[in-house]
Amino acid sequence: MSVRVAVTGAAGRMGKILIEAVTLNPSTELAAAIERPESTLIGVDAGELAGVGHAGVAVVGSLQEVVDQFDVLIDFTVPQATLANAYVCAASGKSLVVGTTGFTEDEKAELLSVGIKSGMCIAANYSTGVNVSLKLLELAAKAMGDDVDIEIVEAHHRHKVDSPSGTALAMGEAVADAIGRNLQDVAVYGREGIVGARDRETIGFATVRGGDVVGDHTVMFMAEGERLEITHKASSRMSFARGAVRAAAWLVGQSPEVYSMKDVLGLE
């Protein structure tokens, strides 16, 4: 029996690719597609909107309209919308896959508290390669962390609104946790002017924005005489979408908890 999946932000770039990924996965079926209520695309067939052919699912302007029609919602929108959708899902016993980034610490805490009520998967990046990279970063940090300077460089397209990327922050957290540091205490977001010698305890972030870069991330472990770099490059958003759909299929039937992509992939 197929898992019934709803996609919100259906008319956006990521929303369209998510719709395509849902239709390509043999374990899932597109059950609902949601957009802002003022969108001119309300009523349009979601499959035709995504370029995958007629799906028989019309785009609607409210999650409440279709809350009885799906098992799990995939949300790659904005923090405020995702939080509102999380409450709807929790009240209706629906699972939620969250790919939204840019949450404040308070918003993240609120989301986690809602997620334990119905089941939620949260990841800064749903690609399999990135999540394998996170595991490799933990290993590298444990082996080298006290003897190296650690810097993270990320690049994305010109339209990305948050910085650093959620994936870069997840990489920073993976490294910091592995070596017993609090990322909030040691992160350095950019440098300018005479800032003095580098503090070994810090983890630096550098951000690049431009063109149509889907997502490049490199973590550098730099020591005297050698440098280890762990890099992931995404050439298509489909890698994120496939992972999110995989998470959606896995999440249905799990106990009401907050999970990560590591749980989905068996990497914990």
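- Taking all atoms of both residues into account, the shortest heavy-atom contact from Gly53 to Asp45 is O-OD2, 3.8 Å.
- The distance from the CD1 atom of Ile150 to the CZ atom of Phe205 is 10.0 Å, given to the nearest 0.5 Å.
- Judged by distance alone, the side chain of Asn131 and the main-chain N or O of Thr128 form no donor-acceptor pair under 3.5 Å.
- The backbone N or O of Gly204 lies less than 3.5 Å from no partner atom in the side chain of Thr202, so there is not a single donor-acceptor pair.
- For Thr28 against Ser2, the heavy-atom pair with the smallest separation is C-CB, 4.2 Å.
- Across every non-hydrogen atom of Phe240 and Tyr126, the tightest pair is O-CB, 3.4 Å.
- Note: the hydrophobic cluster containing Leu63 also contains Leu111 (ILVMFWY, side chain heavy atoms under 4.5 Å, direct or indirect links).
- Defined by atom type and a distance below 3.5 Å, a donor-acceptor pair is present between the side-chain atoms of Thr77 and Asp75.
- Ion pairing of Arg242 with Glu20 is absent here, as no side-chain N (NZ or NE/NH1/NH2) approaches a carboxylate O to less than 4.0 Å.
- Transitive grouping of hydrophobic side chains (ILVMFWY, heavy atoms separated by less than 4.5 Å) brings Leu251 and Phe76 into a common cluster.
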Using a 3.5 Å cut-off and no angle test, enumerate the donor-acceptor pairs between side-chain atoms of residues 211-222 and protein atoms at least two apart in sequence or in another chain.
residue, atom, partner, partner atom, Å
His217, NE2, Ser165, OG, 2.8
Thr218, OG1, Thr231, OG1, 2.8

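- For the pair Ala174 and Glu138, the tightest heavy-atom approach, listed with the atom from each and the gap, is O-CG, 4.0 Å.
- To the nearest 0.5 Å, atoms CG (Asp68) and NZ (Lys94) are separated by 6.0 Å.
- In this view, Lys160 and Asp162 satisfy the salt bridge (charged side-chain N to carboxylate O under 4.0 Å, His left out) rule, not counting sequence neighbours.
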With a cut-off of 3.5 Å and sequence neighbours excluded, list every side-chain donor-acceptor pair involving residues 3-18.
residue, atom, partner, partner atom, Å
Arg4, NE, Asp71, OD1, 3.3
Arg4, NE, Asp71, OD2, 3.3
Arg4, NH1, Gln69, O, 3.4
Arg4, NH2, Asp71, OD1, 3.0

